[in-house]
Each structure stands twice: as C-alpha cells, then as structure tokens.
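Here's the structure, in structure tokens; my notes come after.
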Amino acid sequence: MSNQKDEFYIGWQPEAPDSFAKKSKKTTIILGVLILILAGAIVFSQRGFATAFFEFGNQTTVEGVLVLEPVPMLRVNDGKTVFGREMNHHVLLVGFGKAGARKTIHDIERRDDIYRSLENNKVRIKGTLIYKDGKSVLEMTEGINSIIAIGGKEEYDIREDFYGDKTLKGEIIDTKCYFGVMKPGHGKPHRSCAIRCISGGIPPAFWIKNEAGENEYLMMLDEKGQQLGEEILDYVGESISICGKVEKRDDWLYIYVDLAAGFQRLNSDDKLLNCF
Amino acid sequence: MAVNYSAVLWNRQKKIYDRIMLGLIGLYLVLFILLNVLFFPEITAETLIIRATGSCAIIMLHIILLIGPICRLNSKYLPILYNRRHLGVTMFIIALIHGLFSMIQFHALGDMNPLSSLFLSNTHYGSLVNFPFQTLGFFALLILFLMAATSHDFWLNNLSPKIWKSLHMLVYVAYALLIMHVVLGVIQLEKSSVYIVLLGIGLFCVIGLHLVAAFKEKRVEFRPQKDSADDFVEVCDVNEIDENRAKVILVGDENIAIFKYEGKLSAVHNVCKHQNGPLGEGKIVDGCITCPWHGYQYLPENGQSPPPFKEKVCTYDLKVVGSKVFVNPKPHAEGTAVEPVKIT
Amino acid sequence: MDIVNNLISFFLLYFAIGFLFALYFAFKGAGKIDEGAKEVTLTFRLLIFPASIALWPFLLKKVMTK
C-alpha cells in the first residue's frame, strides 16, 4: 500500500506505474459504458421526425399550367372523375436554396429565346420533389433551365370554397423546409432558417391542427391577396394566433391575414386544436 | 523546453491517450448514427451530423472541465490530465463541424450573407425563450477556437503564461454560453425531460467538483504566522516531510514547496513554469523535482531545469533548528543557487 | 442592422489582415521572437498559423519591438 502511495506518474516515461495504469483502465471502461448510455438516452429521447420527403439528387419532370398568383404553382391535371368533372392538384413551386420561384420564373421569362409572360402557359418543369401530408412542392433546382418545354396558354376554372372569417392558432412555417427539406423544419431551432426562406420569397404557410388533430396548411396572403413576407418575419416559428378570411381554391387553403388585427403570441407551444 | 519546437512531442503515453480518446469518440458517433438510422430513419443527413457532433462536443467539454478538479481530489487520475490538450483540440474540431454544418443548413443560400443572417434572422434579443441561441454557439466556438489555436507551448511561452492562462480560463465563459445555447435551442423543441436532467447532472458535476476541490485545497492550505524576530517563519517538523516529497506552505503571497531528499532540504516556488502545475505535489525523480502534471523537471538546489531546458523557478532560504524547519519567504531571483540545508 | 453588418465587415477585415500577417509570422516572424521557432518543421508552422491570424496585433507589436 505504501509502495502504491509512493508511485509517481510521469507522462513522458514509457510506462505508467501500476496504480495509475489500473485507474486509467478503469476510467476508460467507465467512460465507454457512460458513452453507450448517453448515446442511447440522447437518441431515444428525440421526439421523432416528420414523414416528409426531399428527393435530393433525383429530379422529376412535372407537366401542368403555370399559375403565378397568388403564389407560384403548377396546376396539374389528374384526369376526370366518373361524373366527367376535371380533377386538378397544385404543385407549389420554389426556387433553389432559400429563394422563392417567382424570381426564377421571372428570369426564365426574360431569357432571349422566350421573352414573354408564361402565366397560364402549359409548361414542363424539371425539379426536385418535396412532399408531406399529400402536399407536394417542386424545387426548380436548375434555375433558369428548369422549364424544359413551353406550350400554349390554357383557360381553367378554379373550384372555390369560402369559409369566412376565422381566428386560428398555429405556427408560421416556410413551405420548402417544412414539407421535407429539413427535419425538424419548424420550431425554435429552425426559426432563423424559416425567416431566411420566407424573406427570400418562399411562400409562408400557417400550420394548424383541426379538431381531429390532423395537419392543415393555409397559404398566407395579405388582405389584397398578395403573398406575405417581411410583414410576418417577427412571428415565424412560434405558437401564435391570427385571424383572417379563409378560402379554398382547388386543393389549397388560403388565409387573407388581417394584419391590422395583429398576431397574438400564445403561451403554450402545443398545437392547439382549431374548429375547422 | 527543448531548443527547437516540434508540432507534437510524441511519446508512448500520448499515443495511447490519443488512441483511447479517438476510440471513444468513434464509438459515440457510430452508435449515435446507427441508432438514428435504425430507429429514426426519417432523419435527414444534415440533422444527423449536426446532432451527433453537437452532442459529442458538449459531452467532451464536460469531461474536459471535470479532469482538473478530479485530479486535484485524487492524483491517480493524472494520466487523464496529461494530454488534455489533444482532447480540447479534438473537441474544438468536432464543435467546428457542428457549427459549419449549422451555418450552411440554416443560413447559406439565402438573401443575406450567412454571417449577417446568423445575427439578423431571429432578432428577439430581448426575449429569453425566443433568444437567438445560435449566436451563443458562435461566440462559444470563437473562444474554443482561440483556445485550440493557442494549445502549443510556443504560445504559452510567447503570450506569457499569465495571458495564456487567462485566455484558457475563458473556457468557463464558453461553457456557460453553450449551456444556454442548448437550453434556449434544441431543448425548446425537443421537450424531453431527459435532456434537461442530463444537462442538469452535467452542470451539477462541473460546479460541485470544482467547489469540492477548492474546499479541499483550502483545508490543507498551511499558512504559518510570521515570527517578528527575524525574516524566518517556522514551518514544521523535519519528520513531517516524506523522503523525496515536499510540504507546501503559504506565507503572504508566496507559495513555497520544501523538498526533502538525501538528508537535505531545499525550497522552491510551488508553481511550475509550464502550466502552473503544483510542484509541491511532485516528487524528486533522478535528483530533479518533477511536476505531477506534465513531468517538467527542476534541480532542487537552484530551481533550474536541467539542460537543454531553460525553465527556472524562484528559490528560498531555509534553516533547521533542532528538528524544526524555518523558511525565509523572501524569494531569490529565479534559478538562484541556494545551498541545501543538511538535516542532522 | 447596420451596426451588425459593420461589425461583421470589421471582423472579416481583421481576419484578412491576420491571414497576411500569419503568412509572414508563421514562416519568419516567429523565429524572431523565439529562438526555438527558427528551425522548425512545416507542420509546426501550420500549427501556429491559426492563432497567428487571430492574435496579429499583439504579435505584430512583439515582432516590431524585437
């Protein structure tokens, strides 16, 4: 024992004395076990990630009518119902990186070989698909080369449903990250990214839960029906309540946000259910 | 120090240390990634990298901060302290990967340069729960960078040990920033109490062990009263000092280690020139006082490192009356030879 | 907003000057203030490079007074 007490460790010597070597071995084993426990505890305490997809590196071609207002979308014909009525769904368009599709489309319209408005033209767009909860988004990954074919203008009818004025509780999200590019694509850790995306022109949506606890998404517009951006950056990624006129056009919900009434920050971070 | 600097003065124990360190880090990262791929297949690669490196770095920082007080409480842990420098630099590299990936993921390819975006996206600086937590991580990473970049004895010597030590004490500021970075960041989304409990245990261990170590040091501190008759102060009985070991005393601001060896006594300043290690807790090996931290050596009779090394510490006058040891707390210039006192 | 952008510009300028200084310091200046850094390996020079960028005003003063 006294011999052990007299042992002295010198790092630059080739061997550590027995008592030090034993302690080091024990410490290594303890650290190894601790690491196993910590890795397990940290991984399994995660709340989980959304079932959402971003087909990174894999481009898809989608054909439809280019809609620019109120937010850029591609109106895709799904054929006819048994009663002969046309069915359509809209693929939301976004740009590469943290940018909306509007600028990309504008740049394409100014291409020497095009140089005209493409609104309501039938087009074929190549891009990367993003999808979640039955909503799909197409990233115009190759910028001004994303539109690979242009057809003629097409007239179409929009099926509209009006829901009247509503006060809703939920969270402002950016439609690119949330629908699959990033996980988590909402909440505090993602807030600054969502702000950057919305500031860059990616359409903001209001994410709520209906009475059944299902996700609903409302594209956010101002009273005049213009896509919102700068006005809402301060409230992105938080639980808030907003009010406005709600309507549905084909397969997307829109809210004409009453900016004058303002936004109320909510205390709870839980997604409160909405009568919807 | 040797005449010419090397990048790393490799020796067998450093290599063993690094192998164990890298093995444990590898074990953590592989396990973290594997468990996620198996049980959370929806996770994106970016989130996986950000979370794996972030959690790994903060665990490493806790271990780094615990090494100091643990070694003060039990010297048998000194081998973990010996190459703590490599642990620190590796932790910085892992934290840097976390920071870079987060910057690219959250701030790149936008309508603002990423660095501006870091500070100007979330502007709730006045709120606690909404605070832009990423900025806290940025400043912590900056501190860790300064520490990692100056982790070489070249910087210790050229910045002066005092400045170097102050710079490296900033690790506590970085630690505080990182605790807030986690609390105001990922915990605001991942509300599991497991994270709060784990972080709480970590914080408790770091603060608790520092307090216990400081308390223990205070208790063993020996502060004899100065005798007004002459400059000498009575310290202890000769027999209280073990052979080849020292007794440490504090007189005023002077921190003195009195060594006993080969029937002689010598006194030197208790603080090693290398990293302020406690020489008095060292041992005389091959005729040299050897620092318990990194094995720096000094000759007891003149406080000089044997050539080619150049470190020098202050020496003090001693006298022995009967079996009582007395020391004059007025230091001689560093490296001054003082005739050792013979014990009769 | 302007304050932040100005600070970031200052920060980048500081590091740009630091980088140029480090090219001199790691390969020559270090040997001036420390004998032990005169004849050293390339790895050592690269190892002191990052801190030479960060601490350039302090090191510049040291080199100038030597």
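Naming: A, B, ... by sequence-line order, numbering from 1 per chain. Both backbone and side-chain heavy atoms feed into the values below; hydrogens, waters and symmetry mates do not.
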Measure [X] against the heavy atoms of chain A and call it side chain, backbone, both or neither at under 4.5 Å.
{"X": "B:Tyr195", "answer": "side chain"}
{"X": "B:Asn11", "answer": "side chain"}
{"X": "B:Ile59", "answer": "side chain"}
{"X": "B:Ile20", "answer": "side chain"}
{"X": "B:Ile43", "answer": "both"}
{"X": "B:Asn130", "answer": "both"}
{"X": "B:Leu78", "answer": "both"}
{"X": "B:Leu184", "answer": "both"}
{"X": "B:Cys56", "answer": "neither"}

>> Between the side chains of B:Asp111 and A:Arg196, is the shortest nitrogen-to-carboxylate-oxygen separation below 4.0 Å, so that they form an ion pair?
In response: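 Looking at B:Asp111 together with A:Arg196, the answer is yes, because their closest N to O distance falls below 4.0 Å.
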>> Under the criterion side-chain contact (heavy atoms from CB on, under 4.5 Å), I'd like the reasoning laid out for A:Lys188 against B:Val129: C-alpha separation, chi angles, the key distance, then a yes or no.
In response: CA-CA 9 Å; A:Lys188 176 84 186 266; B:Val129 286; 5.7 Å; no
>> Can you confirm whether the side chains of B:Thr44 and A:Lys183 place a donor and an acceptor under 3.5 Å from each other?
In response: no
> Looking just at side-chain N and O atoms, do A:Ser45 and B:Glu190 make a donor-acceptor pair shorter than 3.5 Å?
Replying inline: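 Absent: no donor and acceptor within the cut-off.
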> When only pairs under 4.5 Å are counted, which of A:Gln13, A:Met182, A:Lys26, A:Lys22 shares the most heavy-atom pairs with chain B?
Replying inline: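 Most heavy-atom pairs within the cutoff with chain B belong to A:Met182.
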> So which of A:Ser199, A:Gly200, A:Gly201 has the biggest tally of heavy-atom pairs under 4.5 Å with chain B?
Replying inline: A:Ser199
> So A:Glu15 and B:Arg12, salt bridge (Lys or Arg N to Asp or Glu O under 4.0 Å) or not? Walk me through it.
Replying inline: CA-CA 8 Å; A:Glu15 299 274 345; B:Arg12 183 171 173 267; 3.7 Å; yes
>> Any side-chain to backbone donor/acceptor pair from B:Arg245 onto A:Asp6? Under 3.5 Å, distance only.
In response: yes
